[in-house]
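Structure first, then comments.
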Amino acid sequence: MSQAPLLDVQGLKVIFPTAMGMVRAVEGIDLAITPGECAALVGESGCGKSVSSQAILRLLSSPPALMSARRLQFDGQDLQTLTEQQMAQIRGRKVGMVFQDALTALNPVMSVGRQLDEVFIKHCGMNKSQAKETSIKALATVGVSSPDQRYRQFPHQLSGGMRQRVLIAMAFAADPKLIIADEPTTALDVTIQMQVLEELKTLQQERHTALLLITHDLSVVNFLADKIYVMYSGKIVESGPVKQLLGRPFHPYTEGLLASVPRLDTCTARYYQIPDQVPNPMNKPSGCHFHPRCSYRDSLCAQHMPPLRELMPGRMVRCHHPLMNKDEGTAHHA
Ligand SMILES: Nc1ncnc2c1ncn2[C@@H]1O[C@H](COP(=O)(O)OP(=O)(O)OP(=O)(O)O)[C@@H](O)[C@H]1O
Ligand SMILES: [Mg+2]
């Protein structure tokens with residue numbers, strides 16, 4: 001049953017030395033994604049999601065970023081040993097990327113069609129007319145209306161949803177094995193968000209593309225992902241299959257994230273908020289980084305960082321007091 005991972009990350013660390021001190025943004029995370037699988041990386045703002053994904057693709061300029069990993073394997077290649085030129089071949093061709101802000105991710109002075117053409121010309125060896133024909137088809141595939149006209153337009157002439165679709169078309173253009181999508185729909189309103197997610201899901205399933213989806217939105221995770229990694233203050237605190245994990249979280253942080261999702265089916269205006277905030281990465285608490293915000297903490301939590309343990313097959317949890325009893329948990333957030 002277990003398939004060799006397409007992306008295998010072990011012990012990934014990123015430190016930014018700054019004038020104020022060392023920012024320990026990512027503190028040794030493990031991620032594995034098999035071909036065609038969608039893994040979601042979730043957590044509050046500042047917990048290290050974007051830095052992790054940029055480090056995987058070696059997009060952080062180093063120095064200043066200090067990056068290391070025990071293993072950083074993609075499709076049988078050790079990404080740490082590749083030259084910058086070889087990495088440039090991987091980005092865009094073997095790994096597509098969708099960034100959060102489509103307006104800044106696209107070149108404002110080039111038509112969207114030409115930007116798409118470039119991917120087909122650079123990574124698929126097409127000539128200009130083949131690229132144009134393929135680009136127009138690609139725009140249609142992601143639900144861009146009147147693709148012939150849109151092809152000639154500039155990013156500012158498109159709505160946010162349309163621009164995001166163009167970015168998705170670009171990410172899929174070279175038929176990559178993996179796509180890293182960092183908050184691909186956060187900037188969109190809810191109805192457009194759903195449409196764009198549908199397009200993303202359809203393409204991902206049709207092409208059997210693996211997806212690393214970065215988001216703080218658990219409903220997006222529930223819709224798209226097979227597996228979830230919950231990140232807190234630079235560490236993975238819980239991981240496992242989506243339905244199981246969201247149905248029954250073991251880590252108090254995951255429980256808090258779930259309790260914070262506003263629900264429309266309860267006629268209450270009150271919803272839960274995890275107290276306080278993600279700690280300053282230059283001054284993280286002792287022991288478990290989450291303990292000052294955790295209602296289950298005891299003295300052990302303040303002293304020792306819990307190890308990541310497999311509590312059930314496929315369910316990893318980093319907590320001294322995981323929520324194993326069914327009655328535990330929700331009572332604290334009722
Ligand atoms: N170039 C940098 N120099 C110093 N610190 C940085 C740098 N880039 C990121 N950080 C810090 O690293 C931590 C993780 O940042 P990151 O952007 O990965 O968060 P995130 O989980 O993606 O948050 P969000 O949900 O807001 O996008 C943050 O504390 C951030 O301030
Ligand atoms: Mg981010």
Side-chain angles (χ1 to χ4, degrees), residues 7 9 11-31 33 38-69 72 91 95-105 160 164 167-168 171 179-188 193 196-197 200 211-221 224-225 228-239 251 253-254 256-258 260-262 273-274 276-285 288-290 292-293 318:
L7 178 70
V9 177
L12 177 67
K13 291 185 187 169
V14 182
I15 300 174
F16 296 102
T18 69
M20 308 285 287
M22 292 290 191
V23 175
R24 295 182 197 285
V26 182
E27 291 190 77
I29 66 161
D30 297 354
L31 296 173
I33 307 180
C38 175
L41 185 57
V42 307
E44 287 166 291
S45 186
C47 68
K49 306 180 296 294
S50 297
V51 169
S52 302
S53 67
Q54 288 159 4
I56 290 169
L57 287 179
R58 290 186 25 203
L59 286 169
L60 297 168
S61 43
S62 166
L66 305 174
M67 178 195 147
S68 65
L72 189 57
R91 298 183 204 115
V95 184
M97 292 160 283
V98 183
F99 294 106
Q100 180 171 0
D101 185 352
L103 194 55
T104 50
Q164 207 64 41
L167 277 195
I168 291 172
I179 288 188
I180 298 183
D182 192 350
E183 304 277 6
T185 56
T186 306
L188 306 176
Q193 179 177 21
V196 173
L197 288 172
L200 188 59
L211 183 63
L212 175 58
L213 174 74
I214 297 173
T215 181
H216 60 264
D217 188 335
L218 292 178
S219 54
V220 171
V221 173
L224 268 180
I228 177 169
Y229 291 93
V230 182
M231 195 167 180
Y232 185 76
S233 187
K235 287 191 180 283
I236 301 294
V237 295
E238 179 160 17
S239 66
H251 198 289
Y253 178 59
T254 318
L257 285 180
L258 269 164
S260 323
V261 176
Q273 250 186 323
I274 305 174
D276 303 324
Q277 282 168 359
V278 175
N280 178 337
M282 271 180 283
N283 189 16
K284 295 191 183 187
C288 169
H289 294 333
F290 185 61
R293 305 174 73 191
R318 186 187 290 283

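No hydrogens, no waters, no symmetry mates; every other heavy atom, side chains included, goes into these values. In each ligand, atom 1 is the first atom listed, and ligand 1 is the first ligand listed.
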Q) Taking N or O atoms only and a 3.5 Å limit, does Val23 qualify as a polar contact for ligand 1? A) no
(Q) Students should be able to answer this: which protein heavy-atom is nearest to atom 25 (O) of ligand 1, and at what distance? (A) Lys49 NZ, 2.8 Å
Q. What protein heavy atom is closest to atom 12 (O) of ligand 1, reported as residue, atom name and distance in Å?
A. Ala25 CB, 3.4 Å
Q | Separation of Lys235 NZ from Glu27 CD (nearest 0.5 Å) | A | 4.5 Å
**Q.** Closest contact, heavy atoms only, Met22 versus Met282
**A.** O-CG, 3.3 Å
Q | Heavy-atom proximity to atom 17 (O) of ligand 1, best of Ser233, Ser53, Ser50 | A | Ser50
Q: First locate atom CG of Leu257, then atom NE2 of His216, and finally report the distance between them rounded to the nearest 0.5 Å.
A: 10.5 Å
Q. Is the shortest distance from atom 31 (O) of ligand 1 to a protein heavy atom below 4.0 Å?
A. no
Q.
Measuring only between side-chain heavy atoms, which start at C-beta, is Leu258 closer than 4.5 Å to Leu218?
A. yes
Q) Quick one: which of Val26, Val51, Val14 has a heavy atom closest to atom 16 (P) of ligand 1? A) Val51
Q: May I ask you to test the Ile29-Ser52 pair for a side-chain heavy-atom distance under 4.5 Å?
A: yes
Q. If you measure from atom 20 (P) of ligand 1 to every heavy atom of Ala65, Ala55, Ser52, Gly46, which option wins on shortest distance?
A. Gly46
(Q) Tell me whether ligand 1 is touched by Pro281 - counting only heavy atoms on the residue side and a distance under 4.0 Å. (A) yes
Q: Please check if a non-hydrogen protein atom sits closer than 4.0 Å to atom 14 (C) of ligand 1.
A: yes
Q: For the Mg ion (ligand 2), decide whether Ser45 has an N, O or S atom at a distance under 2.8 Å.
A: no
Q.
Evaluate Thr18 for polar contact with ligand 1, using N/O atom pairs at a separation under 3.5 Å.
A. no
Q. Heavy-atom count around Lys284 NZ within 6.0 Å, excluding the residue itself: above 12?
A. yes
Q | Validation row: Phe16, Val51 side chains within 4.5 angstrom (heavy atoms) | A | yes
Q.
With rounding to the nearest 0.5 angstrom, report the CD1 to CG distance, Ile179 to Leu211.
A. 6.5 Å
Q | atom 5 (N) of ligand 1 - nearest protein heavy atom and its distance | A | Phe16 CD1, 3.6 Å
Q) Any idea which atoms of ligand 1 are less than 4.0 Å away from a heavy-atom of Ser45? A) 23 (O), 24 (P), 25 (O), 26 (O)
Q. Using a distance-only test with no angle check, is there a side-chain donor-acceptor pair under 3.5 angstrom linking Arg318 and Tyr253?
A. no
